[in-house]
**Student:** 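One structure, pasted below without further comment.
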There are 2 protein chains.
Amino acid sequence: MSALFFKKLREKISLTTQEEEIIRRYIISKKIRKKQYLLQAGDVCKALAFVEQGALRAYSVDDKGQEHIIRFAMEGWTISDLDSFMTSEPSIYNIDALEDTEIIFIPKSAWEEVKKVVPQYELFIRLELMAAYSDMQKRITALISLTPEETYTYFVSVYPCIVQRVPQHMIASYLGLTPETLSRVRKRLFTGK
Amino acid sequence: MSALFFKKLREKISLTTQEEEIIRRYIISKKIRKKQYLLQAGDVCKALAFVEQGALRAYSVDDKGQEHIIRFAMEGWTISDLDSFMTSEPSIYNIDALEDTEIIFIPKSAWEEVKKVVPQYELFIRLELMAAYSDMQKRITALISLTPEETYTYFVSVYPCIVQRVPQHMIASYLGLTPETLSRVRKRLFTGK
DNA sequence: AAAAATTGTTGACTATCGTCAATACTTTTC
DNA sequence: GAAAAGTATTGACGATAGTCAACAATTTTT
């Protein structure tokens, strides 16, 4: 149910069995079927969703109705719209499931309670955020400085698991390329130019 | 000296005068002349630098010696390489001053001491991180979904202060464009295509 | 099992961005 | 104050990514 979440918690902060039990009380688990929304543009994001099992994507839709994938999230990752989460303004992003998925979260409304008992929870979130921030910075570096070939090669080397589980045109979207261009990039990479 | 830093602190968390005094003891202030490095590729990043006055940029250098600007930081912003900061591995980024600059920081080694007295300091960092994360997510959205015209227009609307203080070719680098292309983009925007 | 939707590839063509080079102008440095 | 460095613009040209369209293969739906 929430084994992976606690594994990750224990990796980053030390927890007594008692503290763990208390956290367990506040946890909410949710199953999301493939193609169902976890968050829709217009909703307010009220939690940081930890992926216990499955895969999700966050994306925006532009004027022309085109989808642009901002982020994937697989087992052990966290996904949400922090902007909406912080401001309680409606989100401009959609999050939906790419596979049948199970997520875990502690509702924002329970954070204060949890932190009262486990002050380290704040540290945990900060550490997760720092790691996510670093990853995103690397992605920006790739986007502004690499060729499509290099960007894709980098992506494959860092996220081989995603390449295997997600349709190619979604990876193209994530990399800021058209599906056709990514198809040609791959051809060039595999046939050796 | 550190007025802006405390103003920002007080905006996000409540502080007694006593707590403020204690934090003041751990603060280090540093002046960096224009063109001087705050961090060089190869160094380990040991602090989150808060910009009290001035302007900095973080950038990477690719195989061809080309610079790519990852991030600007003006008054009230924080800049660092979180990857290196967390792992204590040598950084791959450079940070240098675009103007004579004054920064404030609490060395990583003093964090535990500070948090002992002001537990809220952890919350402060988390809030700053969330905001920075949101901004970066918007930037990625722009990079993968907008045309150069739109990306630049967005940049000008969000960071008018940067446009006025930073050379145009650096903004081009930040947006993933060549200086020539940005020059033409601007021409098209102002002369109406 | 058939129909529909999704996915990935390829070709022809076009629009756009990067490269190289020349120039003008401004700011910094000595 | 002269020389050097840094900055922005423009033109010509070539490379490359996007667009539109057709098609095959696979998966999902009914």
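Everything numeric here is computed off the predicted structure, so don't read it as measured data.
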**Student:** With a cut-off of 3.5 Å and sequence neighbours excluded, list every side-chain donor-acceptor pair involving residues 23-42 of chain B.
**Tutor:**
unit_1, atom_1, unit_2, atom_2, d
B/Arg24, NH2, B/Glu20, OE2, 3.1
B/Ser29, OG, B/Glu102, OE2, 3.2
B/Gln36, OE1, B/Arg33, N, 3.1

**Student:** Taking only N and O in the side chain of A/Arg188, is any of them less than 4.0 Å away from OP1 or OP2 of D/dA17?
**Tutor:** yes
**Student:** Tell me which residues in residues 158-172 of chain B put a heavy atom below 4.0 Å from DNA chain D, sorted by number, or none.
**Tutor:** B/Pro167, B/Gln168, B/His169
**Student:** Measure CD/A/Gln66 against C1'/D/dT19 and give the value in whole Å, please.
**Tutor:** 11 Å
**Student:** When you look at CD of A/Gln18, are more than 12 heavy atoms from neighbouring residues, nucleotides or ligands closer to it than 6.0 Å?
**Tutor:** no
**Student:** Could you give the CZ-to-C1' distance, from A/Arg186 to D/dA17, as a whole number of Å?
**Tutor:** 18 Å
**Student:** Between D/dT16 atom C1' and A/Glu150 atom CD, what is the distance in whole Å?
**Tutor:** 14 Å
**Student:** Using five pairs at either end of the helix from C/dA1-D/dT30 to C/dC30-D/dG1, determine the angle between the two local helix axes and round it to 10 degrees.
**Tutor:** 60°
**Student:** So, using salt bridge (Lys or Arg N to Asp or Glu O under 4.0 Å) as the criterion, who are the partners of B/Arg126 when residues are at least two apart?
**Tutor:** A/Glu122
**Student:** Identify each donor-acceptor pair in which a side-chain atom of residues 45-52 of chain A lies under 3.5 Å from a protein atom, sequence neighbours left out, and give them as a table.
**Tutor:**
unit_1, atom_1, unit_2, atom_2, d
A/Glu52, OE1, A/Phe5, N, 3.2
A/Glu52, OE2, A/Ala3, N, 3.1
A/Glu52, OE2, A/Leu4, N, 2.8

**Student:** Measure the distance from OH on B/Tyr152 to P on C/dC17 and round it to the nearest whole Å.
**Tutor:** 15 Å
**Student:** Let me confirm one number: the CZ-CG distance from B/Phe6 to B/Leu15, rounded to the nearest 0.5 Å.
**Tutor:** 8.0 Å
**Student:** If we count only N and O atoms by modelled type, under 3.5 Å, do the side chains of A/Glu150 and A/Thr147 hold a donor and an acceptor together?
**Tutor:** yes
**Student:** Can a donor-acceptor pair be found, under 3.5 Å and without considering hydrogens, that links the side chain of B/Thr87 to the backbone of B/Asp83?
**Tutor:** yes
**Student:** Kindly state which residues belonging to residues 34-41 of chain A come within less than 4.0 angstrom of DNA chain D, counting heavy atoms of the residue only, listed by number.
**Tutor:** A/Lys34
**Student:** Would you jot down, in residue-number order, the residues of residues 174-184 of chain B having a non-hydrogen atom under 4.0 Å from DNA chain C?
**Tutor:** B/Gly176, B/Leu177, B/Thr178, B/Glu180, B/Thr181, B/Arg184
**Student:** Tell me: CD of B/Glu149 to P of C/dC17, nearest whole Å?
**Tutor:** 7 Å
**Student:** Give every residue pair that meets the ring pair (Phe, Tyr, Trp, His ring centres under 6.0 Å) criterion with at least one member in residues 82-108 of chain B, sequence neighbours excluded.
**Tutor:** B/Phe85-B/Trp111
**Student:** In whole Å, what is the span from the CD atom of B/Glu99 to the C1' atom of D/dG6?
**Tutor:** 16 Å
**Student:** Under 4.0 Å between a side-chain N or O of B/Lys187 and OP1 or OP2 of D/dT9?
**Tutor:** no
**Student:** For A/Gln168 and A/Arg186, run side-chain hydrogen bond (donor to acceptor under 3.5 Å, both in side chains): C-alpha distance rounded to whole Å, both residues' side-chain angles, the deciding distance at 0.1 Å, then the answer.
**Tutor:** CA-CA 10 Å; A/Gln168 199 169 296; A/Arg186 279 167 45 87; 3.1 Å; yes
**Student:** Would you please name every residue forming a side chain to side chain donor-acceptor pair (under 3.5 Å) with B/Glu99, sequence neighbours left out?
**Tutor:** B/Arg165
**Student:** Return the value, rounded to whole Å, for the distance between atom CZ of A/Phe190 and atom P of C/dG8.
**Tutor:** 13 Å
**Student:** Would you please name every residue forming a ring-ring contact (aromatic ring centres under 6.0 Å, His included) with B/Phe155, sequence neighbours left out?
**Tutor:** B/Tyr159, B/Tyr174
**Student:** With sequence neighbours left out, what residues match A/Glu89 under salt bridge (Lys or Arg N to Asp or Glu O under 4.0 Å)?
**Tutor:** none
**Student:** What are the two closest non-hydrogen atoms of B/Glu75 and B/Gly54, and how far apart are they?
**Tutor:** OE2-N, 2.8 Å
**Student:** Using the test ring-ring contact (aromatic ring centres under 6.0 Å, His included), find all partners of B/Tyr133 that sit at least two apart in sequence or belong to another chain.
**Tutor:** none
**Student:** Expressed in angstrom and rounded to an integer, what is the separation of B/Ile69 atom CD1 from D/dT7 atom P?
**Tutor:** 10 Å
